[in-house]
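Read the structure below first, then the notes.
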Amino acid sequence: MDSRKALDGLAVTLMIILCLTWGLQQVALKATSAEIAPLMQIAIRSGISALLVGIMMVVRGERLSLAGGMWRPGLAVGFLFALEYLLVGEGLRHTTASHMVIFLYTAPVFAAIGLHLKLRSERLRPVQWFGIALAFGGIVVSFYGRGGHTASLSVASVIWGDVLGLAAGMAWGMTTVVIRTSRLAACSATQTLLFQLLGAFILLLPAAAVLDQTYFNPTRLGWACLIFQTLIVSFASFLVWFWLLRHYVASRLGVLSFMTPLFGVALGAWLLNEPLERGFLAGALLVLTGIILVSGHGWLRQLGNGAGAAVQEQAREPDLP
């Protein structure tokens, strides 16, 4: 019997904090990119967070299991997680944090398509296909007819960074597909997270060297950002997220998680003075609407059924004099 419950005040509060944290991470990476190379920062935070997760597993008596070929999907998610953040780190050198957070959060669209092809139980409904079409239409709108640029980024550079952000969203979506369709589906959340963090640490360090992203000259702001990225983003926020998934209905948490790109866009404009073009905002709205239809269709259908039942019940009641 599923013991997960509907959202309450605690869950909503924690989700707001998590979404604010996740929206801030791209802004923090961008804000300190002149002091610490984004790829180097991601590699360092992943290595330290992997160590913390490993220590937590030892304290809890949880062993890293590689039996039954578990290492194969573990290797796959480690590679995809590293690829995602390789694309994010390189993309932030070319585009704004506001753009990156929108294109990164196209991941549910790619995950839904992949799961549709792999699992019979994950077949997409017509409304979800409409959401996918809407999301891709939003991507086209956001790319089409750009005419602006920032003081330090050309239009061509921003478009290339956006393409990298979209590819990062695809890598994230494929990570979800691997987890859902492999032995990792029955694996503990901490072990899956450890595979991802180790993959990012091991692969991103040499990638940073190849791409000349090894500079490390942090000021107080740089150190604060690195601590925030390591302890809050890569360690604490993921543990809180997994705790929420164990105790609350996942589909409703998923709908709330789309506050993240909204926070990311707002924080990028506020803290980094990033320009918000009308075309990008219109496209972003279409993308977010499409993603909500893809990932939250079950919850939206329940809300519609509940509202319909309430109307029918009210219609059956006698009119008051």
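The figures here come from the full heavy-atom set of this structure, side chains too, leaving out hydrogens, waters and symmetry mates. We count residues from 1, following the sequence as given.
For F79, the CZ atom sits in a loose shell: 12 or fewer heavy atoms of surrounding residues, nucleotides or ligands are nearer than 6.0 Å. Taking a 6.0 Å sphere around CZ of F228, one finds it holds more than 12 heavy atoms contributed by other residues, nucleotides or ligands. Heavy atoms from other residues, nucleotides or ligands lying under 6.0 Å from CZ of R63 number 12 at most.
Inter-residue side-chain proximity for L29 and I42 is flagged as met; some heavy-atom pair is nearer than 4.5 Å. Two residues are said to be in side-chain contact when any heavy atoms from C-beta on lie closer than 4.5 Å; F136 and L286 fail this criterion. Side chains of C19 and M15 form a contact here, defined as non-hydrogen atoms less than 4.5 Å apart. A heavy-atom distance below 4.5 Å is not found between the side chains of M174 and L83.
In terms of the ring-ring contact (aromatic ring centres under 6.0 Å, His included) criterion, residue partners of F216 (sequence neighbours excluded) are, by chain and number, W223.
Here CG of N273 is found 12.0 Å from OG1 of T96. Values are rounded to the nearest 0.5 Å. Here CE of M57 is found 8.0 Å from CZ of R60. Values are rounded to the nearest 0.5 Å. Taking OG1 of T175 as the reference point, atom CD of Q196 lies at 6.0 Å (rounded to 0.5 Å). Residue I17 holds its CD1 atom at 8.5 Å from CG of L20, rounded to the nearest 0.5 Å. Note: L164 CG to L104 CG = 12.0 Å, rounded to the nearest 0.5 Å. We find the CG-CD1 distance between L39 and I44 to be 11.0 Å, quoted to the nearest 0.5 Å.
Between the E274 side chain and the S98 main chain, a donor and an acceptor come within less than 3.5 Å of each other. Distance alone, capped at 3.5 Å, places no donor-acceptor pair between the T95 side chain and the G91 backbone. The main-chain N or O of L124 is found under 3.5 Å from a side-chain atom of H116 such that the two form a donor-acceptor pair. Judged by distance alone, with hydrogens and angles left aside, the side-chain atoms of K118 form no donor-acceptor pair with the main-chain N or O of V177 at under 3.5 Å. At distances below 3.5 Å, not a single donor-acceptor pair connects side-chain atoms of S49 with backbone N or O atoms of S46. Distance alone, capped at 3.5 Å, is enough to place a donor-acceptor pair between the E35 side chain and the T219 backbone. The main-chain N or O of S33 is found under 3.5 Å from a side-chain atom of Y215 such that the two form a donor-acceptor pair.
For the residue pair C225 and T32, the shortest heavy atom distance occurs at SG-OG1, 3.5 Å. Between R93 and L211, the closest heavy-atom pair is NH1-O, 3.3 Å. Residues V287 and A135 come closest through the heavy atom pair CG2-O, 3.4 Å. When all heavy atoms are compared, the tightest approach of A31 to L272 is CB-CD2, 3.8 Å. Nearest heavy atom pair, residue L204 against residue A82, reads CD2-O, 3.4 Å. Counting all heavy atoms, side chain and backbone alike, G222 lies closest to I36 at O-CD1, 3.7 Å.
Linking ILVMFWY residues whenever their side-chain heavy atoms come closer than 4.5 Å, directly or via other members, places V155 and V163 in the same cluster. Both F263 and V101 are assigned to one and the same hydrophobic cluster, defined by single-linkage of ILVMFWY side chains at heavy-atom distances under 4.5 Å. Hydrophobic clustering (side-chain heavy atoms under 4.5 Å, transitive across Ile, Leu, Val, Met, Phe, Trp, Tyr) groups I16 together with I292. L119 and V109 fall within the same hydrophobic cluster, where Ile, Leu, Val, Met, Phe, Trp and Tyr residues are linked whenever their side-chain heavy atoms come under 4.5 Å apart, directly or through other members. Each of I48 and V58 belongs to its own hydrophobic cluster when Ile, Leu, Val, Met, Phe, Trp and Tyr are linked at side-chain heavy-atom distances under 4.5 angstrom.
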* **Stepwise side chain to side chain contact (heavy atoms under 4.5 Å, CB included) test for F195 and L64** => CA-CA 10 Å; F195 281 135; L64 181 64; 4.1 Å; yes
* To do: Please assess Q191 against M70 for the test side chain to side chain contact (heavy atoms under 4.5 Å, CB included), listing each intermediate value before the final yes or no.
  => CA-CA 11 Å; Q191 182 167 329; M70 184 74 77; 3.9 Å; yes
* To do: Tell me, with the steps shown, if H99 and E277 meet side chain to side chain donor-acceptor pair (under 3.5 Å).
  => CA-CA 10 Å; H99 284 211; E277 312 96 329; 3.2 Å; yes
* To do: Evaluate the criterion side chain to side chain donor-acceptor pair (under 3.5 Å) for residue pair E62 and S188; output intermediate values, then yes/no.
  => CA-CA 9 Å; E62 184 179 349; S188 70; 2.3 Å; yes
* To do: Decide yes or no on side chain to side chain contact (heavy atoms under 4.5 Å, CB included) for Y248 and D8, but give the supporting numbers first.
  => CA-CA 9 Å; Y248 294 92; D8 54 21; 3.0 Å; yes
* CA sep, side-chain torsions, deciding dist, call: F110, W172, ring-ring contact (aromatic ring centres under 6.0 Å, His included) -> CA-CA 8 Å; F110 295 111; W172 183 5; over 10 Å; no
* Stepwise, does the side chain to side chain contact (heavy atoms under 4.5 Å, CB included) test hold for L271 with L24? -> CA-CA 10 Å; L271 298 176; L24 183 59; 4.0 Å; yes
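With hydrogens and angles left out, the side-chain atoms of Q213 and E90 include a donor and acceptor closer than 3.5 Å.
Note on ring orientation: taking the six-membered ring where Trp is involved, the planes of F280 and F103 are tilted (angle from 30° to 60°).
Among L166, I132, V294, the one residue that satisfies the side-chain contact (heavy atoms from CB on, under 4.5 Å) test with T106 is L166. Each of L18, L193, V53 was compared with F238 under the side-chain contact (heavy atoms from CB on, under 4.5 Å) criterion, and only L193 meets it.
For R180 and E122, the salt-bridge test passes: some basic side-chain N is under 4.0 Å from an acidic carboxylate O.
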Taking only distance into account, with no hydrogens and no angle test, what donor-acceptor pairs under 3.5 Å do side-chain atoms of residues 230-237 form with protein atoms, sequence neighbours excluded?
from	atom 1	to	atom 2	distance (Å)
T230	OG1	L226	O	2.8
S234	OG	R45	NE	3.0
S234	OG	Q229	O	3.4
S237	OG	W22	NE1	3.0
S237	OG	I232	O	3.3
S237	OG	V233	O	2.4

